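A short write-up of the structure that comes next.
Remember, predicted model here, so these are calculated numbers, not experimental data.
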Amino acid sequence: MILVKKKETIVFLHGFTHSSHSFLNLPEEIFHNYRCLIPDLPGHGKTKVLEAATAFDTEAQVKLLKEWLSSLGLNKFHLFGYSMGGRLALQFALKNLAQIQSLILVSTTAGIEDQTIRSERIRADNQLAQKILSLEPIEFLNQWLSQPLFQGITERGTDFIAQEIQKRLPIQKSGLACSLKYFNTGIMPSVWDQLSELKVRCLVIAGSRDQKYSKLASSLVTSIPDAKLIILETSHTPLIESPLCLWKSVINFLQRLPCREREIKIIP
């Protein structure tokens, strides 16, 4: 009998305005040692769905992701989510905990608890959704990346910003608008009160210059039973601003997880 290590799977979920292309430059340590699955989320990349709440809200996105993974025969996997993708990863994990080997959350939140703030966020994102439809894609992306949240990108100059915009093109204007309207943090259910149920190893990463999400990251780690916090010297986009440090942190986390091997009987 020979022990053969079977590759485990990592599912990567991207952020708003991104696509599966965001993870095309994964480090070799991950790419060669894991099966990497990188979907385009609804309204992004090449994934086009019905432009309605029934296709974009939290329940619909969790269901769509589960159906896609089931179609691939996946029962167990590691789940990585950045920003919007992190919110989906967290919602998915709480509903499908038995499938999750570990959870990696980057620049994300478990939702908004205060009803007044939720309502304000819904109004703001509905306005932004209308702006997406009225502006040319490049103009919208320029405005989107000019937010203080992305200072780590904007301070690198116009050429770097132009490169980031090109990486996101082409965009689905109506798809992004629907994502904002139906999967914003104001509409998404807050799950802060459920985090104690998240009995899997979890890595939470945020940027020290992203004050809002670094505080949220600390709250996530306090609420999740087995979670580790990594703070990098970035703003909201550590995948772009400090990819070497981010992936080193992820690899170290994965290497410290229990090793799973499958015994395969070799018959001569």
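- When the side chains of ILVMFWY residues are joined at heavy-atom separations under 4.5 Å, either directly or via intervening members, Leu94 and Ile112 end up in two distinct hydrophobic clusters.
- Criterion: ILVMFWY side-chain heavy atoms under 4.5 Å apart, direct or through other members. Under it, Leu50 and Tyr182 are not part of a common hydrophobic cluster.
- A distance of 6.0 Å or more separates the ring centres of Trp68 and Phe77.
- Under 3.5 Å, the side chains of Ser242 and Glu233 contain no donor-acceptor pair of N or O atoms.
- Of the possible donor and acceptor atoms, one in the side chain of Glu241 sits under 3.5 Å from a partner among the backbone N and O of Ser235.
- Within 6.0 Å of NZ on Lys131 lie no more than 12 heavy atoms contributed by other residues, nucleotides or ligands.
- His14 is linked by a ring-ring contact (aromatic ring centres under 6.0 Å, His included) to His44, counting only residues two or more places apart in sequence or in another chain.
- Counting only distance, with no hydrogens or angles, the side chain of Lys7 and the backbone of His32 share a donor-acceptor pair below 3.5 Å.
- Side-chain contact check for Leu176 versus Arg168: every heavy-atom pair is 4.5 Å or farther apart.
- To the nearest 0.5 Å, atoms CZ (Phe56) and CG (Leu180) are separated by 10.5 Å.
- Scanning all heavy atoms of the two residues, the minimum distance from Leu103 to Val200 falls at CB-CG2, 4.3 Å.
- Leu239 contributes atom CG, which lies 8.0 Å from atom OG of Ser107 (distance to the nearest 0.5 angstrom).
- At least one side-chain heavy atom of Ile251 sits under 4.5 Å from a side-chain heavy atom of Pro27.
- Closest approach of Leu69 and Leu37 over heavy atoms only: CD2-CD1, 4.3 Å.
- Partners of Tyr213 by side chain to side chain contact (heavy atoms under 4.5 Å, CB included), not counting sequence neighbours, listed by chain and number: Thr109, Leu149, Asp210, Leu216, His236.
- Counting non-hydrogen atoms of neighbouring residues, nucleotides and ligands closer than 6.0 angstrom, the CG atom of Leu72 exceeds 12 such neighbours.
- For the pair Gly207 and Ser214, the tightest heavy-atom approach, listed with the atom from each and the gap, is O-CB, 3.5 Å.
- Considering only heavy atoms from C-beta on, Cys178 stays 4.5 Å or farther from Gln172 through its side chain.
- Counting non-hydrogen atoms of neighbouring residues, nucleotides and ligands closer than 6.0 angstrom, the CD atom of Glu67 exceeds 12 such neighbours.
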Candidate pair Ile100 and Phe92, rule side chain to side chain contact (heavy atoms under 4.5 Å, CB included), full reasoning:
CA-CA 9 Å; Ile100 307 300; Phe92 182 95; 4.1 Å; yes
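- A donor-acceptor pair is defined here as one N or O able to donate and one able to accept, closer than 3.5 Å; no such pair exists between the side chain of Glu51 and the backbone of Ala177.
- Between Tyr82 and Phe23, the gap from one ring centroid to the other reaches at least 6.0 Å.
- In the hydrophobic cluster analysis, where Ile, Leu, Val, Met, Phe, Trp and Tyr join through side-chain heavy atoms closer than 4.5 angstrom, Leu198 is grouped together with Val11.
- The closest side-chain heavy-atom distance from Ser218 to Leu229 is below 4.5 Å.
- Side-chain N or O atoms of Arg121 include none that pairs as donor or acceptor with a backbone N or O of Ile117 at under 3.5 Å.
- Contact between Lys76 and Ala98 at its shortest, heavy atoms only, is NZ-O, 2.7 Å.
- With sequence neighbours left out, the side chain to side chain donor-acceptor pair (under 3.5 Å) criterion links Thr58 to no other residue.
- Between Leu90 and Leu195, some side-chain heavy-atom pair lies under the 4.5 Å cut-off.
- Heavy-atom contacts from other residues, nucleotides or ligands closer than 6.0 Å to CG of Asn25 number 12 or fewer.
- Put simply, the side chain of Leu41 does not reach to within 4.5 Å of the side chain of Phe16, judged on heavy atoms.
- The line from OG1 of Thr154 to CG of Asn142 is 11.0 Å long, rounded to the nearest 0.5 Å.
- By the criterion of side-chain heavy atoms lying less than 4.5 angstrom apart, applied directly or through intervening Ile, Leu, Val, Met, Phe, Trp or Tyr residues, Ile240 is grouped together with Trp247 in one hydrophobic cluster.
- Scored by the side chain to side chain donor-acceptor pair (under 3.5 Å) test, Ser208 finds no partners at all (sequence neighbours excluded).
- In plain terms, the two heavy atoms of Ile230 and Leu232 that are nearest each other are CG2-CD2, 3.7 Å.
- A distance-only check finds a donor-acceptor pair linking the side chain of Lys173 to the backbone of Leu133 [under 3.5 Å].
- Evaluation of the salt bridge (charged side-chain N to carboxylate O under 4.0 Å, His left out) rule for Glu155 yields Arg209 as partners, not counting sequence neighbours.
- No more than 12 heavy atoms of other residues, nucleotides or ligands lie within 6.0 Å of CD in Glu59, so this atom counts as exposed by the packing criterion.
- A 4.5 Å side-chain heavy-atom check between Leu141 and Leu169 finds at least one atom pair inside the cut-off.
- The CD1 atom of Ile122 sits 11.5 Å away from the CE atom of Met188 when rounded to the nearest 0.5 Å.
- Note: the hydrophobic cluster containing Ile187 does not contain Trp192 (ILVMFWY, side chain heavy atoms under 4.5 Å, direct or indirect links).
- Of the possible donor and acceptor atoms, none in the side chain of Arg201 sits under 3.5 Å from a partner among the backbone N and O of Pro258.
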Residue pair Leu203, Leu254: steps toward the side chain to side chain contact (heavy atoms under 4.5 Å, CB included) verdict:
CA-CA 9 Å; Leu203 176 64; Leu254 291 170; over 6 Å; no
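- Other residues, nucleotides and ligands contribute at most 12 non-hydrogen atoms within 6.0 Å of the CZ atom of Phe31.
- Under the 3.5 Å distance criterion, the side-chain polar atoms of Gln147 are matched with a main-chain donor or acceptor of Trp144.
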Carefully, step by step, assess His18 and Met84 under the rule side chain to side chain contact (heavy atoms under 4.5 Å, CB included).
CA-CA 10 Å; His18 291 257; Met84 179 190 75; over 6 Å; no
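- One distance of note links CZ of Phe12 with CG of Leu26; it measures 4.5 Å at 0.5 Å rounding.
- Put simply, the side chain of Lys199 gets close to the backbone of Ser196: a donor and an acceptor are under 3.5 Å apart.
- At a threshold of 4.5 Å between non-hydrogen side-chain atoms, the residues Glu197 and Leu97 do not count as touching.
- In terms of heavy-atom proximity, Leu105 sits nearest to Cys202 at CD1-SG, 4.1 Å.
- For Phe253, there are no ring-ring contact (aromatic ring centres under 6.0 Å, His included) partners at least two apart in sequence or on another chain.
- Of the inter-residue distances, the one linking Gln163 atom CD with Thr158 atom OG1 reads 10.0 Å to the nearest 0.5 angstrom.
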One pair to check against side chain to side chain contact (heavy atoms under 4.5 Å, CB included): Gln99 and Lys66. What are the steps and the verdict?
CA-CA 10 Å; Gln99 292 186 272; Lys66 183 174 180 63; 3.0 Å; yes
